Amino acid sequence: VYIIFIPALGMVSSIVQTFSRRPVFGYMAMVLSLIATGFIGFGLWVHHMFVTGLPQLGLSFFTAASMMIAIPSGVQIFCWIATLWHGRPRLHTPLLFVLGFVCIFVLGGLTGVMLASVPLDMQVHDTYFVVAHFHYVLIGGALFPLFGAIYYWFPKITGRRLSERAGIWNFWLLFLGFNLTFFPMHQLGLQGMPRRIYTYLPDLGWGALNLLATTGGLILTCGVLVFLGNILWSHRHGQRAESNPWEADTLEWGTSSPPPSYNFLYLPVVQGREALWSRTAATPVVTGLHSDRREVLVTRLLDAEPDHRTELPGPSIWPLALAIAVTVGFIGAVFTPKAVPVSALLSFFALIGWSWPYWKKTEQEQLAAEQPS
Amino acid sequence: VKSSVTLDVSHLPSTAYGSRSPLWWGVMGFILIEAAILAIGLVSYFYLRTLAPVWPPPRTAVPDLLLPTVNMLLLLASVVPMYWVDRAAQRKERRRVQIGLVFCAVLGLGFSVLRGFEFRAVHTQWDSHAYGSVVWTLLGLHTFDLVAEIIETILLMVFALTGPMTDHLFLDISDSAPFWYFVAAIWVPIYAVLYIVPRVF
């Protein structure tokens with residue numbers, strides 16, 4: 001489940017850095033936390049099945065892992081807060097969504113630590129408490145950063161900015177609507193309301209809180225509608241965006257908005273982690289690559305110094321032929337085993353066609369053209 | 001990005017060998033995938049073995065030893081000419097590369113034929129029982145890698161003999177060598193499991 005957050009974590013780090021106008025605090029700790037999240041994420045999944053009758057050892061292991069994941073998540077949250085604290089934050093819509101993410105995700109994380117312990121999980125298993133928890137984690141952890149990221153990168157993608165005024169409405173409707181919908185569910189779960197039911201008896205006393213949640217749901221919907229309207233309107237009529245409207249540091253902001261198909265006319269040289277902030281008048285651009293063929297620069301792995309130039313292959317029909325050959329094999333094998341050797345033979349010819357050195361001819365011609373002897 | 005200062009890269013070479021080449025990393029990724037698949041196959045073998053009361057199952061003869069051992073030694077010995085080809089390709093020595101590739105291709109065809117007989121030497125069929133299935137799976141997966149490597153070598157040999165020797169072809173030849181070493185090296189544990197384990201344990 002934690003894998004869903006990993007793209008969101010990158011989005012949050014980019015947005016926090018840009019809008020606090022300083023490099024992100026504790027870069028190394030952040031990267032290690034990200035790796036730790038991916039690693040510990042492998043040992044969590046049993047916390048979905050604590051009540052299925054597992055051996056004690058298994059329960060303890062997965063409880064420990066489920067609680068441990070709070071450590072790297074906490075490190076990242078504190079690093080973002082420290083970045084904002086030491087920076088000069090500008091409250092544009094993307095940052096607003098990130099702040100909303102921090103609030104909601106921390107609440108979801110708190111109930112996560114509660115649910116990681118088996119005795120509590122057994123009490124509230126299959127109740128609305130779990131529903132509340134995972135919406136706080138998923139909507140807070142993945143959806144809010146995604147909204148922020150769309151506001152952040154929309155100018156780069158389309159060349160027009162999304163409306164800030166609508167963005168602020170969008171945020172507050174989503175934030176309030178979300179909390180109104182899902183916060184009461186914690187209480188409903190503790191009162192014993194089970195998940196996956198569509199009705200209940202009136203004298204159970206869940207009515208008022210459910211009405212509140214439904215109201216929240218309507219507000220949430222309004223927020224999403226404002227968002228869709230903002231996208232549609234701004235795509236046509238939004239304010240034109242220059243190449244770097246947020247004064248961000250990463251390389252995509254170094255080219256025009258929207259970027260041309262070749263991204264950069266001359267390959268920029270990057271001299272630090274903050275590519276654009278560390279750029280000076282003396283920062284060179286790369287020249288000397290052939291533009292009449294698909295030549296790219298290969299750098300050394302660790303220090304990224306230019307190492308050699310390599311030519312990428314041009315358009316070719318053979319990868320498609322190979323894909324068709326493999327498809328014939330997999331679909332045909334459902335009906336007859338003979339499809340496997342047939343597909344292998346077809347793939348064989350497709351692979352030979354693909355690796356046939358057509359480039360030899362062009363390279364020879366180039367050699368002949370460069371050295372007329 | 002507007003800048004008057006330029007970093008001219010036109011003097012850089014158009015090919016580089018080993019870990020400097022993106023192709024080499026592709027080969028490493030492929031080796032990683034194949035190694036993982038074969039490792040899963042080996043784990044499956046031992047998993048099935050722990051469940052079976054007798055291994056190999058009753059009325060199943062243990063595999064032959066002579067032919068597979070000879071073939072393994074041949075496969076391991078083939079690393080030497082391949083290494084020779086790899087070095088010659090990095091030094092762009094056309095003649096040596098051509099001779100070496102022909103030699104490797106002939107060797108490869110040789111142990112492919114012997115490998116065909118190994119499917120008889122295991123004395124079991126793929127559909128007889130779990131033992132037969134897992135033995136054929138391991139043997140088949142490795143044979144698949146082997147055949148792929150030999151086809152690649154034959155193709156490179158054809159290119160090297162017929163076309164002009166470009167820098168890219170030298171690079172392709174050099175980058176195909178690690179996969180050959182891998183196919184030879186990974187066979188040692190699989191050989192041990194297929195042919196020694198049923199005899200000894």
Side-chain angles (χ1 to χ4, degrees), chain A residues 243-244 251 253-256 263-271 275-276 279-290 293 295-302 305-313 344 347-349 351-368, chain B residues 1-28 30 90 92 94 126-127 140-141 143-145 147-176 179:
Chain A
S243 64
N244 191 359
L251 212 48
W253 303 103
T255 182
S256 58
N263 289 343
F264 293 97
L265 191 54
Y266 295 105
L267 211 55
V269 173
V270 175
Q271 286 171 323
L276 299 189
R279 200 170 65 188
T280 63
T283 306
V285 293
V286 174
T287 59
L289 287 171
H290 285 101
R293 58 196 99 145
E295 196 170 71
V296 294
L297 184 68
V298 182
T299 61
R300 286 209 290 269
L301 277 176
L302 293 179
E305 287 294 322
D307 186 61
H308 66 281
R309 301 167 292 135
T310 193
E311 192 184 337
L312 298 179
S347 308
F348 173 75
F349 286 115
L351 278 168
I352 289 187
W354 193 349
S355 48
W356 203 263
Y358 304 102
W359 40 262
K360 267 183 181 171
K361 203 189 278 175
T362 56
E363 193 166 311
Q364 255 184 319
E365 283 164 4
Q366 281 155 10
L367 282 175
Chain B
V1 178
K2 286 191 181 67
S3 176
S4 51
V5 195
T6 61
L7 178 73
D8 188 23
V9 294
S10 55
H11 63 280
L12 291 177
S14 61
T15 47
Y17 293 95
S19 63
R20 287 165 66 194
S21 149
L23 193 60
W24 185 87
W25 287 95
V27 173
M28 287 300 137
F30 187 47
Q90 296 201 17
K92 300 185 182 160
R94 180 190 170 140
W126 62 276
D127 56 352
L141 280 173
T143 305
F144 179 80
D145 281 344
V147 169
E149 176 59 43
I150 291 162
I151 290 174
E152 192 188 346
T153 306
I154 291 174
L155 269 182
L156 289 172
M157 179 192 79
V158 170
F159 299 158
L161 290 177
T162 56
M165 289 297 281
T166 55
D167 287 355
H168 277 101
L169 189 54
F170 281 123
L171 179 66
D172 284 350
I173 291 165
S174 168
D175 279 342
S176 77
F179 192 63

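Worth saying up front: this structure is predicted, and the values here are computed from it rather than measured. Values below: all heavy atoms of this structure, side chains included; hydrogens, waters and symmetry mates excluded. Letters go in sequence order (proteins before strands), and every chain restarts at 1.
Within 6.0 Å of the CH2 atom in B:Trp126, the count of heavy atoms belonging to other residues, nucleotides or ligands does not exceed 12.
Interface residue B:Ser14: backbone and side-chain heavy atoms are both found under 4.5 Å from chain A. Proximity to chain B involves both the backbone and the side chain of A:Leu289, based on heavy atoms less than 4.5 angstrom apart.
Here the closest heavy-atom approach between residue A:Gly288 and residue B:Asp8 is recorded as CA-OD1, 3.4 Å. For B:Ala16 against A:Asp307, the heavy-atom pair with the smallest separation is CB-OD2, 3.9 Å. Closest approach of B:Leu7 to A:Pro306, counting heavy atoms only: CD2-CG, 3.9 Å.
We find the OG1-CZ distance between A:Thr310 and B:Arg20 to be 11.5 Å, quoted to the nearest 0.5 Å. If you take NE2 on A:His308 and CG on B:Asp167, they are separated by 11.0 Å, rounding to the nearest 0.5 Å. Rounded to the nearest 0.5 Å, atoms CD1 (B:Ile151) and CD1 (A:Ile352) are 7.0 Å apart.
With respect to chain A, the highest number of heavy-atom pairs below 4.5 Å among B:Pro22, B:Ser21, B:Ala148 belongs to B:Pro22.
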(message) side-chain contact (heavy atoms from CB on, under 4.5 Å), that's the test. Do B:Leu12 and A:Val298 meet it? Break it down for me.
(response) CA-CA 10 Å; B:Leu12 291 177; A:Val298 182; over 6 Å; no
(message) Would A:Leu301 and B:Trp25 count as a side-chain contact (heavy atoms from CB on, under 4.5 Å) here? Give the steps.
(response) CA-CA 11 Å; A:Leu301 277 176; B:Trp25 287 95; 3.1 Å; yes
